Amino acid sequence: MAISVHDPEVRSPQFSSSRMHVQIGDDFIQAGWTAGQNQCYNSLCPAGIVLVRSDIPLGGLRGPPGVRGSTQIVYDTYGLLKDKANGNWWLEFGGIQIGFWPANIFQQSLANSVEWGGEVYSASLPGPRMGNGYFPLLDPVDDAHVCNITLVDESFKVDKMVKNIETFSNNNHSYKVYEDLDSGLPVGHIIYFGGPGKM
């Protein structure tokens with residue numbers, strides 16, 4: 001996936017993330033970016049990842065975030081890929097394998113589901129912003145979004161359109177999510193998400 005990079009306002013102990021979440025039985029792995037202190041998207045957490053690259057640190061800053069309405073969209077690209085030979089789950093960043101979760105730490109070998117989009121956490125109201133902090137207008141220049149989403153099935157066949165998804169928000173007053181299967185852009189299926197929180 002390619003995910004637009006933003007810097008939503010959060011207060012401790014909140015977090016706001018844009019990520020891919022792969023559910024593997026009762027276990028899961030995630031990749032993406034997070035704003036806030038109360039999160040675990042780096043190698044300081046006991047997440048079981050074995051890093052193979054020290055020049056691409058997890059949890060590091062990737063550059064300036066995108067600004068709504070700017071023609072300069074800032075992206076990070078991530079992949080979570082199962083190794084066909086040994087079952088390990090590899091983390092790719094920018095097309096480079098940077099680490100893996102060993103197959104033996106998971107109770108099952110195949111993923112049940114994959115999620116793309118935003119996630120927020122707050123111990124109390126008001127909630128933090130998600131994405132770029134605005135409701136989506138269905139325009140990549142204006143909105144937080146995920147594109148180039150791809151699935152690889154149990155037979156290792158690649159699906160670059162991923163048509164069998166559903167959108168979900170458990171707080172439609174504060175956050176919105178939309179999808180666009182046919183944007184006319186060369187980025188495949190787009191998922192737009194975001195919102196101001198605070199409600």
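Here the structure is a predicted model, which is why all the values come from computation and not from measurement. Numbers here are sequence positions counted from 1.
Put simply, Val5 and Val146 are part of the same group of oily side chains (I, L, V, M, F, W, Y) that touch within less than 4.5 Å, one to the next. Phe168 and Val177 fall into different hydrophobic clusters, where Ile, Leu, Val, Met, Phe, Trp and Tyr are joined by side-chain heavy atoms under 4.5 Å apart, directly or via other members. Both Leu80 and Ile105 sit in one connected hydrophobic cluster of ILVMFWY residues. Membership requires side-chain heavy atoms under 4.5 Å apart, directly or through other members. By the criterion of side-chain heavy atoms lying less than 4.5 angstrom apart, applied directly or through intervening Ile, Leu, Val, Met, Phe, Trp or Tyr residues, Met1 is grouped together with Ile96 in one hydrophobic cluster. Hydrophobic clustering places Val22 together with Val162 (ILVMFWY residues linked when any side-chain heavy atoms are closer than 4.5 Å, directly or through intermediates).
Rounded to the nearest 0.5 angstrom, Ser174 OG and Leu125 CG are separated by 8.0 Å. Between the CD1 atom of Ile49 and the CD1 atom of Ile98 there is a distance of 6.0 Å, given to the nearest 0.5 Å. Atom CG in Asn164 sits 7.0 Å away from atom CG in Leu151 (nearest 0.5 Å). Separating the CD atom in Gln30 from the CZ atom in Arg19 is a distance of 5.0 Å, to the nearest 0.5 Å.
Looking at Trp116, Trp33, Phe93 one by one, the single match for ring-ring contact (aromatic ring centres under 6.0 Å, His included) with Tyr78 turns out to be Phe93.
In terms of heavy atoms, Gly95 sits closest to Thr77 at N-OG1, 4.1 Å. The shortest non-hydrogen separation linking Leu91 to Ala31 is CD1-CB, 3.7 Å. Nearest heavy-atom pair across Pro140 and Ile73 is O-CD1, 3.5 Å. Heavy-atom minimum distance, Pro128 versus Ser122: CD-CB, 3.7 Å. Of all non-hydrogen atoms in Ala103 and Gly87, the two that sit nearest each other are CB-O, 3.3 Å.
Counting only residues at least two apart or on different chains, the side chain to side chain donor-acceptor pair (under 3.5 Å) pairs with a member in residues 180-190 are Glu179-His189. Pairs of residues two or more places apart, or lying in two chains, that qualify as side chain to side chain donor-acceptor pair (under 3.5 Å) and include a residue from residues 138-158 are Tyr75-His145. The side chain to side chain donor-acceptor pair (under 3.5 Å) pairs that include a residue from residues 83-108 are Asp83-Trp90, Asn86-Asn88, Gln108-Asn112, where partners are two or more places apart or lie in different chains. Here salt bridge (charged side-chain N to carboxylate O under 4.0 Å, His left out) pairs that include residues 25-34, with residues two or more places apart or in two chains, number zero.
The side-chain contact (heavy atoms from CB on, under 4.5 Å) test applied to Val67 returns Ser70, not counting sequence neighbours. Applying the side chain to side chain donor-acceptor pair (under 3.5 Å) test to Glu9 and every residue at least two apart in sequence or in another chain returns nothing. Contacts of Arg53 classified as side chain to side chain donor-acceptor pair (under 3.5 Å), with partners at least two apart in sequence or in another chain: Asp55.
Here Leu81 sits alone; no ILVMFWY side chain lies under 4.5 Å from its own, so it joins no hydrophobic cluster. Applying the under-4.5 Å side-chain rule to Ile, Leu, Val, Met, Phe, Trp and Tyr, the cluster around Tyr192 extends to Leu138, Tyr178, Leu185, Val187, Ile190. Alongside Phe28, the hydrophobic cluster contains no other residue (criterion: ILVMFWY side chains under 4.5 Å). Summarising the hydrophobic clusters (Ile, Leu, Val, Met, Phe, Trp, Tyr; side-chain heavy atoms under 4.5 Å, direct or chained), the residues clustered with Met161 are Leu181.
The shortest distance between side-chain heavy atoms of Leu137 and Arg68 falls below 4.5 Å. When side chains are defined from C-beta on, Met130 does not count as touching Lys176, because their heavy atoms never get closer than 4.5 Å. Counting only heavy atoms from C-beta outward, the side chains of Pro102 and Val50 approach each other to under 4.5 Å. Residues Ile191 and Thr167 are not in side-chain contact: their nearest non-hydrogen atoms beyond the backbone lie 4.5 Å or more apart. No side-chain heavy atom of Glu119 sits less than 4.5 Å from a side-chain heavy atom of His21.
Panel note: side chain Ser16, backbone Arg129; a donor-acceptor pair is recorded below 3.5 Å. A distance-only check finds a donor-acceptor pair linking the side chain of Gln14 to the backbone of Pro126 [under 3.5 Å]. Lys82 places no side-chain N or O within donor-acceptor distance of the main-chain N or O of Ala111, the cut-off being under 3.5 Å.
Atom OH of Tyr134 has 12 or fewer neighbouring heavy atoms from other residues, nucleotides or ligands inside a 6.0 Å radius.
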CA sep, side-chain torsions, deciding dist, call: Ser18, Phe193, side-chain contact (heavy atoms from CB on, under 4.5 Å): CA-CA 9 Å; Ser18 296; Phe193 59 92; 3.3 Å; yes
